[in-house]
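Below is one structure; the comments refer to it alone.
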Amino acid sequence: MSPTVKPKVRHPSLQPNALGLTRRDYEGAVSTLCAGCGHDSVTAAVIQAFWELEIPPHRAAKLSGIGCSSKTPTYFMSESHGFNSVHGRMPSIATGANAANRDLIYIGISGDGDSLSIGLGQLCHAIRRNVNMLYVLENNGVYGLTKGQFSASADLGSKSKRGKENPFYPIDPVSLALSLGATFVARSFSGDKAQLVPIMKAGLRHGGFALIDVISPCVTFNDHEGSTKSYAHTRFHQNEVVETDFVPLRAEITAEQEAGSATVVTMHDGSVVTLRTTAEGYDPTDRDAAYAHVRAAQGRGEIPTGLLYIETGHQEMHQFENTVDGPLVDVPFDALCPGAEALDALQREWR
Amino acid sequence: MSPTVKPKVRHPSLQPNALGLTRRDYEGAVSTLCAGCGHDSVTAAVIQAFWELEIPPHRAAKLSGIGCSSKTPTYFMSESHGFNSVHGRMPSIATGANAANRDLIYIGISGDGDSLSIGLGQLCHAIRRNVNMLYVLENNGVYGLTKGQFSASADLGSKSKRGKENPFYPIDPVSLALSLGATFVARSFSGDKAQLVPIMKAGLRHGGFALIDVISPCVTFNDHEGSTKSYAHTRFHQNEVVETDFVPLRAEITAEQEAGSATVVTMHDGSVVTLRTTAEGYDPTDRDAAYAHVRAAQGRGEIPTGLLYIETGHQEMHQFENTVDGPLVDVPFDALCPGAEALDALQREWR
Amino acid sequence: MAHDSPGRTNDFALKIGTVNGTGSASANGMLMQAFFRMGIPVSGKNIFPSNIQGLPTWYEIRVNGEGHTARTPHFDLTVAMNRETYAKDIAEIESGGWVLYDSTWPMDEGLLREDVNFLPIPFAKLCVENFEGARTRILMTNIAYVGALVALLDIDKDVVKGMLHETFAKKQHLLDSNELALKLGHDYALEHFDCPLPIRVEAMDLREESVILNGNLGAALGCLYAGATVGAWYPITPATSLMDSFTALCERYRKDPETGRNRYCILQAEDELAAIGMVIGASWCGARSFTPTSGAGISLMNEFIGLAYYTEVPAVLFDVQRTGPSTGMPTRTQQGDFFEVVYASHGDTKHIALFPGDPAECFYFAVEAFDLAERFQTPVFVVSDLDIGMNDWVVPKLHWDDGYVPDRGKVLSAEDLEKVQDFHRYLDLDGDHIPYRTLPGTSPKGAFFTRGSGHDKYGRYTEDAYPYQEVVDRLAKKIDSAAARVPAPEIRRVEGGSSMGIVTVGGCRGAVLEALEDLAADGVKLDYLRVCGFPFGKEVDDFLAAHDVNFVVEQNRDAQLLRLLTLETSTTKDRLRSVRYYGGLPMSAFHVRDGIQAHLLHAEA
Amino acid sequence: MAHDSPGRTNDFALKIGTVNGTGSASANGMLMQAFFRMGIPVSGKNIFPSNIQGLPTWYEIRVNGEGHTARTPHFDLTVAMNRETYAKDIAEIESGGWVLYDSTWPMDEGLLREDVNFLPIPFAKLCVENFEGARTRILMTNIAYVGALVALLDIDKDVVKGMLHETFAKKQHLLDSNELALKLGHDYALEHFDCPLPIRVEAMDLREESVILNGNLGAALGCLYAGATVGAWYPITPATSLMDSFTALCERYRKDPETGRNRYCILQAEDELAAIGMVIGASWCGARSFTPTSGAGISLMNEFIGLAYYTEVPAVLFDVQRTGPSTGMPTRTQQGDFFEVVYASHGDTKHIALFPGDPAECFYFAVEAFDLAERFQTPVFVVSDLDIGMNDWVVPKLHWDDGYVPDRGKVLSAEDLEKVQDFHRYLDLDGDHIPYRTLPGTSPKGAFFTRGSGHDKYGRYTEDAYPYQEVVDRLAKKIDSAAARVPAPEIRRVEGGSSMGIVTVGGCRGAVLEALEDLAADGVKLDYLRVCGFPFGKEVDDFLAAHDVNFVVEQNRDAQLLRLLTLETSTTKDRLRSVRYYGGLPMSAFHVRDGIQAHLLHAEA
Ligand SMILES: Cc1ncc(C[n+]2csc(CCOP(=O)(O)OP(=O)(O)O)c2C)c(N)n1
Ligand SMILES: Cc1ncc(C[n+]2csc(CCOP(=O)(O)OP(=O)(O)O)c2C)c(N)n1
Ligand code: SF4
Ligand code: SF4
Ligand SMILES: [Mg+2]
Ligand SMILES: [Mg+2]
């Protein structure tokens, strides 16, 4: 018997992107998660998204709280600074980091326990500040690392491995984020990389807080019959409401032609996201309509997925705070310290 | 110059209720809040509601966090146990207290800072557990006790006393509670006692978590021109969507006649609440419709008030937890301790 | 072929290296239980990773007829089932020891050692030949190495078979496969090696009066017997199993026979701040209530702990310590939270703490904790650790006195209130520094206002110096007076007494007692004291004063116990010497002895 | 009519009792400033309630030509403007003192004292006669009593007028009414009493080199000058005004001249956990970042503080202490957080702390704090209190050296990284126990993973004893080595030295220095040391060793400084004697002297 050594998340092609980097260059340490854990698939999608966006790894910062999900930043982009902080408090660290250096690309990875129980307050306030970051909530309905207790996202009546039914109404990150004014709200499934990658790319280019609630099954504690967060259940009930297509700035934009049934959104860096809805009259730019649709669908037991809501032209934290362009960490000291003369002048007012 | 001594909140009539208690018996210490503070009016409504419901003061427990609002439990029902706890954490104390003694009537008083910033997580989870209590959120859009900083409920663009505009999207307790599955969601105004009292009575009789978001202006820091939480602004924009009429069990019930345009809800103790809506086709028992209406109204700058949503037939914490009837504190010790013999038997399995 | 070490019966340690999530845990537990059922003192230590599946994990078993079952870093035999850790596992074996490994795959030449004996058994191959299905084959490999050890160590085969029968009573097919796997390993060993090895076991009669118990189960049982009705918690290793155990016990003993309803309420809180808040709320209402957590949780509870201290609300907290600081090593043990616990929260505070030394004391001290919390109306901490809390220990059978009456402290009933003129919450009427309290709902007369802000002895809000001071001064005296009520220290004096003492706490007990014997053999005789409660009582003070030198043995970097003794007893500093190990593994006699000998040499030099 | 006390020039204390929210604060501040502008040492203490409007509040002013401006509990004159507190205020006056009160309403006979002089002035009546509008009348009453004091105490009228002119330069009508009110009080006093009283002032020349400053403004200024760019906070008394001041300063000095955009980012967090998280995140990215809070906030930050300590991320925290425990008395002062601060968080931790003794040191130590935090890559606490933080002190003019270069510590740039083979986060390459760090975004080579879980010196995850220990052992040495770098203690030796010393900290300074003079007058000579930083340096150790008796003066119940000295220096316990006052008001020389004399008597007895 030997440990199930999972190879570094591999990719068929070693084709380089415009930076001359292959997907391999966006990988990290070998995953220590359970074989088949949804989180490993999300990691693969992250790698794909960053590679496709041609982001230099060292210009990205990856942060997380505590949990199996929060371990995953170790498994991608070893050339990025990473911060595996404390349980449920990653949003505040990301907020401070972003305040200090707005030019880095921030990705936060969290879990449903990390974000909806101990970290609920911080998540809500990061949304309120519209901190510019991609926030990936790897949602499996349980506390994986502490061995399978129900989390706050566990659905009413979902069965635990021991057959116990969850009596509580779930906290749904999507409705919550919509009601709190989040400017980018998506849901996806770790098993649907084709859907996940473009959403992640759009989220990384979104000039504000981009939340992706990714159903990411826990094969060890919550993938059984009766669980509403299992692979089987999610596959069967997921319903893609919005198909997302991301076209980076460089590519010549064919938006015009695409328009019509589709909604075309231009990101603040000029990239274009095309949203094709499969639901009659669904408008991914109408917050309350999106909310109504999602709630209704969930009421029917469906799991609506896709980039469900996006708002452009909003302000993000640095605009609220009216900070200078460029990172505060780059402002030279003499532009920060008023100096001796100013001090004398000031003190004349104190006598 | 002498301190503005406010008389104990007085009431014209000293007429006794069925317990032979006058409103005076439901009063507390003299308020130390600013003259004109909205919170004092809420206190008066609390006194009225308890008196009318003929609740023996010592069978009620009043809890709060920290803030001007959280000081108010001192100002009513001196014959009730009170707990002025720490900032933002009252929901957890109320939850534990209720778990230990489900037979008391719990009223929690909080503020927008206490509930929506430091205490947001606890509020959301108390809602999720549907803890049986009346939760009064005295909402003034500022941190009163710390001298007027914007709170998370401050509206976008609302002006501070110094003329600064709030750049953030507010956290609206009503939409939040609706999206989280709260079973009783109301909004009222400290200046509208006629509306507030029946809602409080219904909330006290509701078998679960009853949230009342009470706009309660801070005359010292947030009652100026440009504030969206001032008396003037609230009076002008408030729009009663649902009129509430509470008929206690004892009164012979005339519900039937009332029905028709009105919704009649029977509380778990048999009292009846009649909800007459002023908005075309508004259904206070349809969560998502209520949400949609409230959001739309707020989008128009209105402040919808009334008992906006009520759900009956739900379970509350003790049902989730399947606890025995009656207070756990009353279960005799010998019904709790298995005793020596059982211990021997058990240990035989450990060898 | 290396020399065999001289034969040693009932005195050896073995280490099993596997991969977590492969079901070896139950096989290892069975092995440990087998020794126990043969009546031999034994301990099993689970050295597991902070991860769910696929990483190296170890199980250490020490068998010792004299009862020395503290962890030892010296292993006579290793069962090397994880090729990832072959190098490490083989290197750790004592010269002359044995390496039992899965020879299905050839062993890398480079790993072979001249001075140890290799016992190759193709476990995987055997299981592939005899069983179907990947999962079953892996599981059966575990049983197969147990079988091999049965032969090699001369374990009573019937005892093991008996356990299989108990476990699979209702699952014949599982019973068959397990018995077959056992036989495969057993017979292969018999055929290929001369069994038993010089290290072997022989039945003893220890079993009757003892049980196998882990501290979290012991503590949970204590909560059950103390009559705790409200438990609030947030999952955290290594405290999680305490609430899991409490839940299981309640489902068994706390259902109303008629209605099937619960005579308890377990609240999985949204975080530790909420958990302690729930406990405070429940205690305020009169329930015995508790929360189990670990260091990080205590840190988060700091503000609330100060509230309970100042408002005098009882609360019981279990701190199952793990290796800090911060997240540290969640699956390793340490005694690093002493300061965090006894001085928790801002402002002037001090808290009562109990320090169980083994799982049995977790049971007794848990009960104590509720009595003390309600007697002194303050938070009480039961401070154990991962080693005590999660590992299986052989402890004396637990006893319970049906005459036990919970000490609910000074609580006034409605009747009591009738008799008094009027009630004031914080008056010291009896001169014992403890005021009377009332529970919500009792009577109008009993009503009072609980507040974490300044209050006078009548419970009224105050911002005045003197009335404020009156109350906090009483609080200080109240907590100090608990010194006489916390569990007394365990004290052992050598024949005629000694000028040197050794002072320790919690799970260091076994290692220290073993080291004392070794040292005595070297002519170094020491009196022994194990601290069991805080504030420290007179016995602790006297013991330190009675010895020119006191070696303080503990498992943290900063000598926290030594520092507490410095502050909270009348001892002079020069009498205290620190002996520490804090690498995350349980304390061993070797660390204690080496530490003390280093001091002695240093003193001579 | 009672006797007048003998004339005392520039040596008296007065107390003004009013109601909060009535605008008396500005009048009182003006009064204090008037003494300052006359060049006389003065202090003003605001004793206010934890409430916004309508409760009793006091302002105490002490004038002392010798520069003894610590709080004194003995008042020569009271301005009794609040009938609610007449009894208390009158009772507190020294025999022979004066009571200036509003005689619009008759004074209750029962309150009259034979031994004090009553100075009735119908302030309300005068203002009703001369002004319109309730609010104006109330405000003018305040100015009127200032006017009366100008006459009674012989305050330079032009100085006061000058201040009115500055304040109301652009508001002629306000200027007129204020001048009128001033005149009303002044003239009434002149007419009815023989002015000046025996207690009076005379101009001195102190003003030139000093300024009026409160500690929170000083600290904010320090943050501005140190180049802090990210401040995160959650409002809490008495720390709120620190961030208010920082905001005001930034709006003035940190706007980009062209764009008007901010060269700073102030984040009002949702609570203290978020505030410290933001600071850690910003510091991790390389910004100088800080958070101001009080005890309750530190309690909530406990977990995060341990994370920063273990991951070695700089952070600057200001703990403006208030009276604990729990919510305690939010508007009263205390020094109760020493233990909470230096040992914050679970597991083995120890933190650097600086203890400013006045608002000027708040400025200098704030700058120090950022240098130390980045040099040692760890949280650094600046521990002040409500008295230092919120009260106006007269302090020496602040100086700034334009040659100051911030010590950013061992941070590797992209160029530095080019030169190295490869980068490992936690290696001690220089033998100073401090590793090198890199900032996010620097270069691929500089990337590393920050984790609060177990890590080895290369920054890799570990659960192994030795690699874990290596790192925490270095951490301990690193923090201890900061002892040589924190601000040195303030030391004053008496002529020829003494066998007895007095050791104190923070805002006790003034009271202790005053007490030392009094004691010297009584023939008791003591050397003096004021601790300014933690870990304690050699000077502290030597001082304690050099004195058989060290009186430790502090403002908390549990002698926390004395206990820290016990643990963190080599002193023996028997050299330390505790002198404490912790009622919530600033320390006074009387408390110090009484405390020490009690010890001395006790020693003789
Ligand atoms: C303060 C604190 N409390 C508790 C824990 C224990 N803990 C570690 S991970 C975790 C839950 C993780 O659940 P989730 O965020 O859903 O991640 P998952 O493992 O399911 O991916 C908990 C409770 C902790 N590390 N810190
Ligand atoms: C842990 C902690 N942080 C900060 C404070 C300071 N504080 C007291 S009240 C308050 C805000 C109160 O605002 P709100 O809840 O809206 O009550 P209001 O005064 O507006 O009625 C704050 C921040 C505190 N008491 N405790
Ligand atoms: S326990 Fe669940 S969440 Fe954690 S690694 Fe395994 S499968 Fe993934
Ligand atoms: S400050 Fe505002 S909230 Fe507080 S008492 Fe005054 S008016 Fe009310
Ligand atoms: Mg999860
Ligand atoms: Mg408010």
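Just so it is clear, the model here is predicted, and its values are computed rather than measured. The sequence lines fix the lettering, A, B, ..., with proteins before strands; numbering per chain opens at 1. The analysis underlying the following values was restricted to heavy atoms, covering all of them including side chains, and did not include hydrogens, waters or symmetry mates.
- Remark: A:Glu349 CD is packed, more than 12 non-hydrogen atoms of other residues, nucleotides or ligands lying under 6.0 Å away.
- Summarising the local packing, CG of D:Asp205 is surrounded by 12 or fewer heavy atoms from other residues, nucleotides or ligands at distances under 6.0 Å.
- Judged by distance alone, the side chains of A:His87 and A:Ser70 never bring a donor and an acceptor atom under 3.5 Å apart.
- Chain D forms more heavy-atom pairs under 4.5 Å with one residue of A:Val331, A:Asn98, A:Leu63, A:Asp325 than with any other, namely A:Asp325.
- With a 4.5 angstrom heavy-atom cutoff, D:Ser210 touches chain A only via backbone atoms.
- Annotation: maximal heavy-atom pairing with chain D below 4.5 Å, among A:Ile93, A:Leu346, A:Asn101, occurs at A:Ile93.
- When each of D:Ala447, D:Pro444, D:Ala282 is scored by its heavy-atom pairs under 4.5 Å with chain A, the top score falls to D:Pro444.
- Only the side chain of A:Arg129 comes within contact range of chain D, with heavy atoms under 4.5 Å apart.
- In terms of non-hydrogen atom pairs under 4.5 Å with chain D, the most contact-rich of A:Ala100, A:Gly326, A:Ala97, A:Ala60 is A:Ala97.
- Only the backbone of D:Gln268 comes within less than 4.5 Å of a heavy atom of chain A; no side-chain atom from C-beta onward does.
- In this pair, D:Trp400 and D:Tyr225 present their aromatic rings perpendicular. The plane angle is above 60°, beyond the 30 to 60° band.
- Taking chain A as the reference chain and counting heavy-atom pairs below 4.5 Å, the highest number among D:Thr259, D:Val230, D:Leu307, D:Asp401 is found for D:Leu307.
- Side-chain atoms of A:Tyr26 and A:Ser80 form no donor-acceptor pair, as typed in the model, at a separation below 3.5 Å.
- The cationic group of D:Arg425 lies under 6.0 Å from the six-membered ring centre of D:Phe448 and within 45° of the ring axis, placing it in a cation-pi geometry.
- For A:Pro57, no part lies near chain D; criterion is any non-hydrogen pair under 4.5 Å.
- Here D:Arg263 is the residue among D:Arg263, D:Lys255, D:Arg451 with the most heavy-atom pairs under 4.5 Å with chain A.
- For the residue pair D:Glu463 and D:Tyr461, a side-chain donor N or O sits within less than 3.5 Å of a side-chain acceptor on the partner.
- The choice from D:Tyr404, D:Trp284, D:Phe304, D:Phe36 that makes the most heavy-atom pairs within less than 4.5 Å of chain A is D:Trp284.
- Remark: the A:Thr183 side chain and the A:Asn130 side chain contain an N/O donor-acceptor pair separated by less than 3.5 Å.
- Using modelled atom types and a 3.5 Å distance limit, the side chains of A:Tyr75 and A:Thr32 yield a donor-acceptor pair.
- Chain A forms the most heavy-atom pairs under 4.5 Å with one residue out of D:Leu249, D:Leu267, D:Asp256, and that residue is D:Leu267.
- Of the listed residues (A:Val86, A:Leu104, A:Ile66), the greatest number of heavy-atom pairs within a distance under 4.5 Å of chain D belongs to A:Val86.
- With a threshold of 4.5 angstrom between heavy atoms, D:Glu270 approaches chain A through its backbone and through its side chain.
- The contact list for residues 215-223 of chain D toward chain A, using heavy atoms and a distance under 4.5 Å, reads D:Leu217, D:Leu221 by residue number.
- Options A:Ala61, A:Gly121, A:Ala335 differ in how many heavy-atom pairs under 4.5 Å they form with chain D, and the most are formed by A:Ala335.
- The most heavy-atom pairs under 4.5 Å with chain D, out of A:Ile105, A:Thr74, A:Leu328, come from A:Leu328.
- Between D:Tyr264 and A:Asn322, the side chains place no donor N or O within less than 3.5 Å of an acceptor N or O (distance only, hydrogens not considered).
- For the 3.5 Å distance criterion, the side chains of A:His58 and A:Glu79 fail to qualify, holding no donor opposite an acceptor.
- In the model, A:Gln48 has a side-chain atom that pairs as donor or acceptor with a side-chain atom of A:Arg23 under 3.5 Å.
- A cation-pi contact, defined as under 6.0 Å to the ring centre and within 45° of the axis, is absent between A:Lys62 and A:Phe83.
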CA sep, side-chain torsions, deciding dist, call: A:Val136, A:Leu134, side-chain contact (heavy atoms from CB on, under 4.5 Å): CA-CA 6 Å; A:Val136 181; A:Leu134 172 61; 3.9 Å; yes
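- Interface summary for chain A: among D:Thr311, D:Leu398, D:Thr438, the most heavy-atom pairs under 4.5 angstrom belong to D:Leu398.
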